[in-house]
Amino acid sequence: MRFWLMKSEPTDVSIDDLAALPEQTVAWYGVRNYQARNFMRDQMQIGDGVLFYHSNCAAPGIAGIAKVASTPYPDATQFDRNSKYFDPKATLETPRWFNVDVQLVQKIELVSLPELRAHAELERMRTLQRGNRLSITPLDPSEWRFITERLIR
DNA sequence: GCCAACGTTGGC
DNA sequence: GCCAACGTTGGC
């Protein structure tokens, strides 16, 4: 079992949006970065722990606990001409982008970015590193435990 | 809206 | 394969 931090812009899919979806589950569509894709395609397994992070918004931070809820499959938006995620180089035979489904476990009181930065235990977290932009990053089990056991009210 | 950091593109 | 130009991310 692995642990992941996954960023979502709340104007796109917020934690409340996720909570309102059938099965409280969403396809993690729209990833167009190879490293992040590879995490989903090659490393994620059903049941992996996910921290659902709100990014590019007024109050960035961890907004919920979730889990990986499917094996990887082709991201439908790459084939959709009307989607901003359409990829003309992708074909049904050779899809380029993959996603998993993510299911909400629990909405939490926001653990803000400044709070995350305040703990020495988390200083090596990828998301907190200078210049990091990757939307999906692995978490050390120790980081997962610290956040889920110590920072969540 | 600014801008630092980083990934991708494409000419050569 | 190099690398300048460009686009995107995301905190502030």
Side-chain angles (χ1 to χ4, degrees), chain A residues 2-21 25-44 48-68 72-140 142-144 146-148 150-153:
Chain A
R2 291 187 165 104
F3 303 100
W4 308 94
L5 183 144
M6 300 177 77
K7 297 178 187 173
S8 182
E9 302 192 9
T11 53
D12 188 1
V13 180
S14 72
I15 195 75
D16 290 329
D17 295 333
L18 177 59
L21 286 169
T25 298
V26 68
W28 208 264
Y29 61 85
V31 168
R32 294 295 180 268
N33 169 283
Y34 289 104
Q35 245 187 301
R37 177 204 69 180
N38 292 348
F39 286 140
M40 288 197 284
R41 190 190 61 181
D42 305 334
Q43 294 194 32
M44 284 191 181
D48 281 2
V50 172
L51 298 179
F52 189 102
Y53 181 94
H54 279 173
S55 70
N56 196 19
C57 58
I62 297 165
I65 309 295
K67 63 184 179 184
V68 174
Y73 59 94
D75 178 338
T77 62
Q78 71 193 304
F79 309 121
D80 178 0
R81 290 193 166 275
N82 297 319
S83 169
K84 69 172 177 172
Y85 298 116
F86 176 67
D87 183 345
K89 294 182 181 163
T91 65
L92 286 168
E93 293 73 27
T94 55
R96 182 182 287 205
W97 305 109
F98 291 81
N99 61 219
V100 296
D101 290 343
V102 170
Q103 182 172 30
L104 181 65
V105 172
Q106 178 192 0
K107 180 183 173 179
I108 61 172
E109 186 177 326
L110 188 82
V111 179
S112 72
L113 180 57
E115 168 150 25
L116 293 171
R117 289 198 189 285
H119 296 285
E121 291 88 340
L122 302 177
E123 67 188 4
R124 300 193 60 217
M125 253 178 74
R126 282 245 342 242
T127 306
L128 304 184
Q129 302 308 305
R130 171 190 173 85
N132 175 75
R133 302 183 313 175
L134 203 54
S135 65
I136 298 175
T137 51
L139 290 167
D140 284 347
S142 64
E143 294 164 347
W144 168 269
F146 184 79
I147 293 167
T148 57
R150 302 278 305 280
L151 300 188
I152 290 173
R153 275 174 275 282

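Proteins come first, then strands; the chains are lettered A, B, ... in the order of their sequence lines, and each starts at number 1.
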Discussion item. Give me each pair satisfying salt bridge (Lys or Arg N to Asp or Glu O under 4.0 Å) with a member in residues 25-41 of chain A, each pair once, sequence neighbours excluded.
Written reply: A/R32-A/D75

Worksheet item: Among all residues two or more places apart in sequence or in another chain, which pass the side chain to side chain donor-acceptor pair (under 3.5 Å) test with A/R153?
Response: A/E109

Item to complete: Would you mind listing every salt bridge (Lys or Arg N to Asp or Glu O under 4.0 Å) that reaches into residues 51-61 of chain A, with sequence neighbours excluded?
Response: none

Under 3.5 Å, which protein N or O atoms sit close to an N or O of nucleotides 7-11 of chain B? Give each pair with its distance.
residue, atom, partner, partner atom, Å
B/dG7, O4', A/R133, NH2, 3.1

Item to complete: Name every residue in residues 49-58 of chain A that has at least one heavy atom under 4.0 Å from any atom of DNA chain C, in order of residue number, or write none if there are no such residues.
Response: A/Y53, A/S55, A/N56

Discussion item. Filter on salt bridge (Lys or Arg N to Asp or Glu O under 4.0 Å), then keep only pairs touching residues 91-106 of chain A, sequence neighbours left out; what's left?
Written reply: A/D87-A/R96

Worksheet item: With A/Y85, which residues qualify under side chain to side chain donor-acceptor pair (under 3.5 Å), at least two apart?
Response: none

Worksheet item: Who passes side chain to side chain donor-acceptor pair (under 3.5 Å) against A/N33, sequence neighbours left out?
Response: none

Response to the item:
side chain to side chain donor-acceptor pair (under 3.5 Å) filter on A/T137, not counting sequence neighbours, yields A/T127

